[in-house]
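Shown next, in structure tokens, is the structure this report addresses.
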Amino acid sequence: MANKKLLLIDGNSVAFRAFFALHNALSKFTNQDGLHTNAIYGFNKMLDHILEIVQPTDALVAFDAGKTTFRTEMFDDYKGGRSKTPPELSEQMPYLRELLKGYGIKTYELANYEADDIIGTLSKQAEDAGYTVTVVTGDRDLTQLSSDKTTVSVTVKGVSEVEHYTPQHVQEKLGLKPAQIVDMKGLAGDTSDNYPGVTKVGEKTAIKLLQQYGTVEGVYAHLDDMKASKLKEHLIEDKDKAFLSKKLATINREAPIEVQLADVHYSGKNITTLVDFYERMNFQSFLKQMRASEGFEDKQEVKTITYEELTEKNLATLQTLKGPVSFYLELPDKNYHLSEFAGFGIGQKGTWFVSRNVDLLTSKTLKAFFTEKTHEVNVFDLKRTYVGLNRLGISFITGKNDILLQSYLLDTNDNSNDLGALAHRHGFLDIKTDEEVYGTGVKRQIPDDNEAFFKHLAAKLRAIEELVPQLQAELKENEQVDLYETIELPLALVLAKMEIAGIRVDTDRLEQMQSEFTERLSEIEQTIYNEAGETFNIKSTKQLGKILFEKLGLPSSKKTKTGYSTAVSVLEGLRGQAPIIDNILTYRQISKIQSTYVKGLLKVVHSTDQKVHTTYLQTLTQTGRLSSIDPNLQNIPIRLEEGRKIRQAFVPSHEKAKIFSSDYSQIELRVLAHITGDKNLQEAFKNDEDIHASTAVRIFGLKDASEVTPNIRRQAKAVNFGIVYGISDYGLSQNIGISRKQAKAFIDTYFQEFPGVKAYIDRIVASARDKGYVETIAHRRRYLPDINSSNHNQRSFAERTAMNTPIQGSAADIIKIAMIRMQKELETRNLETKMLLQVHDELIFEVPDEELSEIQELVPSVMDSAIKLDVPLKVESAFGKNWYDAK
DNA sequence: CTCCTCACG
DNA sequence: ACGTACGTGAGGAGG
């Protein structure tokens, strides 16, 4: 048995080290389900490193079995006073074992013994059998095991770096032989394991004594030779402690382990298990590493799949498909309004038809196929599919199950736009991700090779078919079938139609603004340079900070990670101290409008129709709101007049039409009144009071609304917002510039005046702790794993989210319902009016003049009756020749 | 690619 | 003693 190499790892100790090494990045290391993964990640790094160096033939990871061991029997306070293992670490332990399974490394634990003893016992057996042994641990005590055959590698700083202790290295570091470590511990004790040693004797003194007398026994044998001293007194006094501590420090090398050397052969990683594991842990870097490693393609056991290429000649074969089919249209670019068409696939139960030729979709055969009502069509991303087909002139396919939508509803974190990744997370592994097949970045490309491309298309069809019943069952389990069927699925088509309609942009107006702003900017720029006494990049916070706080010597208050903060809130505090400040604020404001809105918008206007076509992300936010990208039409300026003018560029696409806008008034506070059931809040809405004014009357103890000044109303408004966001005294004080104490007083009074709200907050946080998630009115769900975190910040954040999500999310539910009904009304009434935009609590339409009176009636009535709450919903409308005038 | 800043609800 | 409002997207700077 030449060259047997055994690797022994102290699992708990390394996990502990890994956890704390990556502790400040704790929140970054979470997977789709909110599980913390930093210790697993660190452990993995360490494993890769050590396996590379050691190249073991045998390996085992030992774990502690529990709190009580033979050592606690000897000394009950052994390891006493240690703080509990953080829950964020404990939750990772079972997964650590899974990781090790993937690595093909055996794990072992033994009741009443620590991992150290297992390692000590096995290493002794291995040494006797002629093995070379490497021990990995985060605990220096284990260096007592080092010998000419055993190296003890102790993690330093991070986890992937280790320090190798050979007997020589122990000698150099401590001036002791490995066997003397236990004597040192006996004399000096160990604070982390909480055993005492001799009073006033620390490592230094212990080493000196041992260099002279060899062992604890040696020290006491020569006690009489010592001169009288405090040290000698302490040694005499604490003799029992010294011997007990030595015993506690000594690793048991004869533990009754059942595992044998022959059982721990290391045969290497199981690629498939590890890939699955990494997917679930969301370890992208390790996945990438695996993909790059040799032989991965062969080992990844994607079940072979057969497909048939669809051509004009065999189109008729489609008739053999009966019942539900999977359909997939490949639009490789993120922006599907402009993407090329790469191909499509359709099929069921192992019969998969694929093609690069999307023109086949417009054939009579396919049209006939889809218009037969017998086919349920299942897809991934219905909105994308609908928009793509629409571009081909096809409008007859309606989806029944959209696994992207379903998966998002089940868990809002599960919103990746990759079918393969989604499938993996739901345990279906016979598919690769787009990145694996198409590549990434500039190299991303649909393969020229038919086989590779078609197989991937077929795998997607198969994944859809496999996942549909599973996801349906999970939705049912969560009582979310209604949410899916009556809200999200129909909404996907409504959104698709809005995106397709697009909104017309007056590019002449934008170009005119562009030249005006260019001129103004260069003027302000010159003034700023004069005031600064030099030219610099005003847009660079780094350079600006230097000018303001170093050269001009203005007082700096806030700092960011990388330097001085120059945010508006900071600059406003400096107003009046130097004229440059006002100019910088103006410059910032104008240049934001110029770059993001004027230039930004001009860049994305489609040359074919002079319109912008946004893309709504329906499966992104944690609350159920939509988001809008490319361009984002949900953050067009309105608060400041300068920016608001941008809205003049959004115009109807036909003459004799208007832009019409309706918005919900105070929808979030109304939802709050409904959900909390607070009588006072409900009363205010039922009486159609000015809600901020009535809040002001209550929290400032005024006689009536006549006493409310604008400033008081502003403060009350901030309190109302604070309540919706999950209030903190600090946040409120910052927002309205009052002391923290005052802010706290406001909040306390608010809770007295609106006791139902206080009760709701307590109730929802408790329920989140209990269930692990919160829900909206329509059963939209958000998981909050941090609600029980031991980290104050994370827990507080989760608590605020627990309060806010049902409010923001229910408001999102409501407007979504309104949108679906609105679209239906427009279609059944055969109106030309088009719904164009949704901005969270507002809907924007383009209305032909002759439909204006009908729409003015219809939209508010549909919106305020979308759902029945305990308080009325209020809708306000306006119209004009452009979006700016619709106010 | 991350940070800062700032636009919206 | 912590270090904060909730939810987003885009542009520019600088490593």
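Numbered from 1 within each chain, the chains take letters A, B, ... in sequence-line order.
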Donor-acceptor pair under 3.5 Å: do we get one between Arg639(A)'s side chain and the base of dG9(B)? yes
Verify the distance criterion only: is there a donor paired with an acceptor across the side chains of Tyr336(A) and Arg384(A) at less than 3.5 Å? no
Verify whether the ring centers belonging to Phe700(A) and Phe746(A) lie closer than 6.0 Å. yes
For the side chain of Ser627(A) and the base of dT8(C), is some donor closer than 3.5 Å to an acceptor across the two? no
Please evaluate the base of dC8(B) for a donor-acceptor partner in the side chain of Gln634(A) within a cut-off of under 3.5 Å? no
Taking Watson-Crick (N1-N3 plus N6-O4 or O6-N4) and G-U wobble (N1-O2, O6-N3), each under 3.5 Å, can you produce the dot-bracket string of DNA chain C? Use [ ] for crossing pairs and | for inter-strand ones. .....|||||||||.
Applying a 4.0 Å non-hydrogen cut-off, can you work out what Ile629(A) is touching in the nucleic acid: base, sugar-phosphate, or nothing? sugar-phosphate
Mind checking the C1' distance from dT5(B) to dC2(C)? Whole angstroms is fine. 26 Å
Measure the acute angle between the ring planes of Phe283(A) and Tyr41(A), then classify it against the limits of 30° and 60° as parallel, tilted or perpendicular. perpendicular
What's the gap between dT4(C) and dC3(B) when it is taken at their P atoms, as a whole Å value? 14 Å
Would you measure the distance from the P atom in dG3(C) across to the matching atom in dC8(B) and give it in whole Å? 31 Å
Classify the angle between the aromatic ring planes of Tyr564(A) and Phe549(A) as parallel (below 30°), tilted (30 to 60°) or perpendicular (above 60°). tilted
Is there a donor and acceptor pair closer than 3.5 Å between the side chain of Lys592(A) and the base of dC6(B)? yes
